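Accompanying notes for the structure given below.
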Amino acid sequence: MTRFATFRFCLDPTVEQIGALERHVGASRFAYNQCLRMVFDARSARESGATVKVPRTGYDLINGFNRWKKSAAAGRIFAVDSEGVAEVCETGLTWRREVFQQVFEEAAVDLGRGLAAWSESRRGTRAGEPVAHPRFKKKATARPSFRLRNQFPKGGRPAIRVGEGHPRSVRIPGIGVLRVREDTRRLRRMVAGGRARVLFATVSRGRGRWWVSLNVEAADLHPARRHTEPDATTPWVGVDLGLTTLAVAACSDGTEVDRIDDWPRTLTATARRQRRLHRAVTRKKRGSRNRRKAADKLGRYYFRTAEIRRRYAHEVSNRLVKNHARLVIEHLDVRGMLARNPNLAKAIYDVGWGLVRRQIAYKQEWRGGELAVADRWFPSTKTCSGCGAIRDMGGVALRTYVCRSCGQMIDRDLNAAINLAVWAELHHGADARARDLHAEGPDTNAHRWERSGRRIRDGETGPGDVGTDAWALPV
């Protein structure tokens with residue numbers, strides 16, 4: 001078993017089960033906050049000169065919380081006998097047995113991961129944006145959820161089971177059998193055949209419903225559904241993602257193999273309803289019940305649009321991955337595009353490029369294919385697929401690429417897809433002359449041409465010398 005997948009189902013709990021779910025959510029939030037309080041107290045004691053170990057890992061936090069929950073600091077009572085003598089009895093958390101034990105442990109593990117991420121980011125060993133220190137969770141703003149891990153006792157059944165008593169049900173330890181709305185047939189068959197096992201179950205509440213996400217370790221896909229081992233003759237297929245046309249796939253010889261035009265522009269199609277729901281929220285008094293109802297309705301709208309976008313992204317990614325063993329996509333700086341193009345921000349959000357790229361990546365790995373990601377600065381749209389000349393295309397309204405050097409007229413997205421396929425053949429093919437076109441030229445690179453008021457100094461090169469102005473790509 002080498003791949004991991006997640007199955008998410010919408011729960012249909014009873015009134016008693018909703019109360020149990022709420023207790024587990026509150027216990028998870030309470031354990032997280034208490035573990036964080038233990039960290040702050042240990043730091044304060046150490047600063048005062050005491051020799052105290054600050055818990056940093058999930059293991060230390062679990063042990064510290066288990067000691068605390070049975071101590072007098074967690075709960076105590078005064079017992080008075082018939083003679084009037086009072087005695088302090090340590091009870092600990094009196095309600096700790098009303099929830100499953102793993103809720104506390106998994107909350108401590110989450111805090112340990114957050115502290116580790118903050119520490120690595122502070123030292124500079126973690127890539128990406130800086131990570132803030134974990135904060136206390138508030139009941140009003142924190143996402144209500146808890147996680148349980150599956151247990152596999154010897155000679156017994158696992159703790160988390162699917163389809164027990166009813167095909168559309170999931171058994172969660174500490175709560176019982178919960179009915180779900182979707183069909184669980186696929187997961188039940190995988191588990192019954194020994195091709196999958198459930199590792200974790202995460203229960204959450206959102207958009208007015210309860211959800212359960214089952215993290216599954218599954219076997220590889222059937223050999224009939226996997227790609228054959230790609231060789232030198234397997235062509236690379238470039239996939240260009242856009243706003244007007246969602247995806248265009250083409251080979252290096254100029255053959256267009258796929259084009260996806262009809263995709264649901266959910267936010268654009270429901271713009272009037274979106275504005276009406278936003279106005280309904282802003283017109284209600286802050287903190288009122290009506291405002292909360294309006295906000296929930298707006299949240300359900302965004303949840304539905306996200307589900308439509310996610311479902312269509314699965315269709316597009318499956319369509320590309322099933323038919324092509326070698327794919328190359330471009331590295332899109334979506335966040336930078338949102339900052340530079342505020343007028344196109346809504347359309348960029350609506351298309352979901354990051355979602356499609358992420359699904360193509362792991363599905364191609366599941367099927368045994370190859371995936372290449374073009375360099376972020378590779379000008380696939382500006383480069384002519386015929387002669388290799390580079391020109392500025394301007395805005396996205398210009399849909400036809402017209403080369404001023406060779407006179408070629410070609411669809412803009414198709415031209416970019418061809419250039420991506422050529423890039424993959426140069427960098428990932430069997431050609432021994434494959435090279436990095438951006439790194440050609442002398443070591444000293446110039447960023448500007450010589451012009452009035454600025455002259456190129458001795459030893460300085462221009463854009464034409466380093467290959468950032470124009471280069472010839474093989475056709």
Side-chain angles (χ1 to χ4, degrees), residues 22-81 84-153 159 173-174 199-204 215:
E22 293 285 358
R23 286 194 296 271
H24 282 72
V25 168
S28 177
R29 183 178 63 253
F30 175 83
Y32 185 93
N33 292 338
Q34 179 57 35
C35 290
L36 186 57
R37 174 55 59 190
M38 292 165 48
V39 174
F40 288 150
D41 292 344
R43 290 177 181 173
S44 300
R46 189 179 61 177
E47 291 175 358
S48 301
T51 57
V52 180
K53 179 182 178 182
V54 179
R56 300 180 183 275
T57 64
Y59 183 78
D60 296 337
L61 292 171
I62 290 175
N63 293 335
F65 183 83
N66 288 337
R67 291 191 299 267
W68 175 86
K69 72 180 182 181
K70 300 176 182 178
S71 64
R76 61 185 183 273
I77 60 175
F78 292 91
V80 182
D81 57 9
V85 179
E87 182 182 1
V88 179
C89 300
E90 298 181 0
T91 61
L93 288 178
T94 57
W95 51 267
R96 65 179 183 270
R97 294 181 178 86
E98 297 181 7
V99 297
F100 199 61
Q101 170 67 21
Q102 292 183 9
V103 174
F104 303 126
E105 299 175 359
E106 294 300 320
V109 170
D110 289 341
L111 177 59
R113 292 174 180 174
L115 292 173
W118 168 76
S119 180
E120 293 174 0
S121 177
R122 189 180 182 185
R123 292 195 305 264
T125 59
R126 179 184 175 88
E129 295 184 353
V131 179
H133 192 279
R135 297 180 294 180
F136 291 103
K137 291 185 178 181
K138 295 183 180 180
K139 183 178 180 180
T141 58
R143 180 173 178 264
S145 66
F146 65 92
R147 184 177 67 253
L148 301 175
R149 62 181 181 274
N150 201 2
Q151 296 176 338
F152 301 91
L199 300 180
F200 297 93
T202 304
V203 181
S204 60
N215 185 272

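Predicted model only: the values in this text are computed from it and were never measured.
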(request) Verify the neighbour count for atom CZ of Arg43: are there more than 12 heavy atoms of other residues, nucleotides or ligands below 6.0 Å? (result) yes
(request) Supply the atom-to-atom distance Arg113 CZ to Leu61 CG, rounded to the nearest 0.5 angstrom. (result) 12.5 Å
(request) Kindly compute the distance separating CG (Leu148) from CG (Leu199), expressed to the nearest 0.5 Å. (result) 13.5 Å
(request) Kindly indicate whether the side chain of Lys70, heavy atoms from C-beta on, has any atom under 4.5 Å from the side chain of Arg96. (result) yes
(message) For Lys137, is there any backbone N or O sitting under 3.5 Å from a side-chain donor or acceptor partner on Asn33?
(response) yes
(message) Tell me if a side-chain donor or acceptor on Ser71 pairs with a main-chain N or O of Trp68 at a distance below 3.5 Å.
(response) yes
(message) Ignoring hydrogens, what is the shortest heavy-atom contact between Ile62 and Ala108? Give both atom names and the distance.
(response) CG1-CB, 3.7 Å
(request) Please name all residues satisfying side-chain contact (heavy atoms from CB on, under 4.5 Å) with Arg143, sequence neighbours left out, ordered by chain then number. (result) Ser145, Ser204
(message) Looking at every heavy atom in both Trp118 and Ala132, which two are closest together, and how far apart are they?
(response) CD1-C, 3.7 Å
(request) Measure the CZ-CD distance between Phe65 and Gln34 for me, rounded to the nearest 0.5 Å. (result) 6.5 Å
(request) State, to 0.1 Å, how close Ser28 and Phe146 come at their nearest heavy-atom pair, and which atoms those are. (result) CB-CB, 3.9 Å
(message) If I take atom CG from residue Leu115 and atom NE2 from residue His133, how far apart are they, to the nearest 0.5 angstrom?
(response) 5.0 Å
(request) State, yes or no, whether a side-chain contact exists between Arg23 and Trp95 at a heavy-atom distance under 4.5 Å. (result) no
(message) Is there a side-chain contact between Phe30 and Val103 in this structure, where contact means two heavy atoms from C-beta onward sitting under 4.5 Å apart?
(response) no
(request) Kindly say whether Gly75 contributes a backbone atom to a donor-acceptor pair with the side chain of Thr91 at under 3.5 angstrom? (result) yes
(message) Please check this pair: side chain of Ser121 against backbone of Val131, looking for a donor-acceptor N/O pair closer than 3.5 Å.
(response) yes
(request) Taking all heavy atoms of Ala45 and all of Val52, pick out the closest pair and write down the distance. (result) CB-CG2, 4.0 Å
(message) To the closest 0.5 Å, what do you measure between CD (Glu105) and CG (Asn66)?
(response) 6.5 Å
(message) Tell me the closest heavy-atom pair linking Asp110 and Tyr32, and the distance in Å.
(response) C-CE1, 4.3 Å
(request) Give me the one residue out of His24, Glu106, Gln102 that meets side chain to side chain donor-acceptor pair (under 3.5 Å) with Arg147. (result) Glu106
(message) Please determine whether the number of non-hydrogen atoms from other residues, nucleotides or ligands lying under 6.0 Å from atom NZ of Lys69 exceeds 12.
(response) yes
(request) Check whether any side-chain heavy atom of Arg37 lies under 4.5 Å from a side-chain heavy atom of Phe40, and answer yes or no. (result) yes
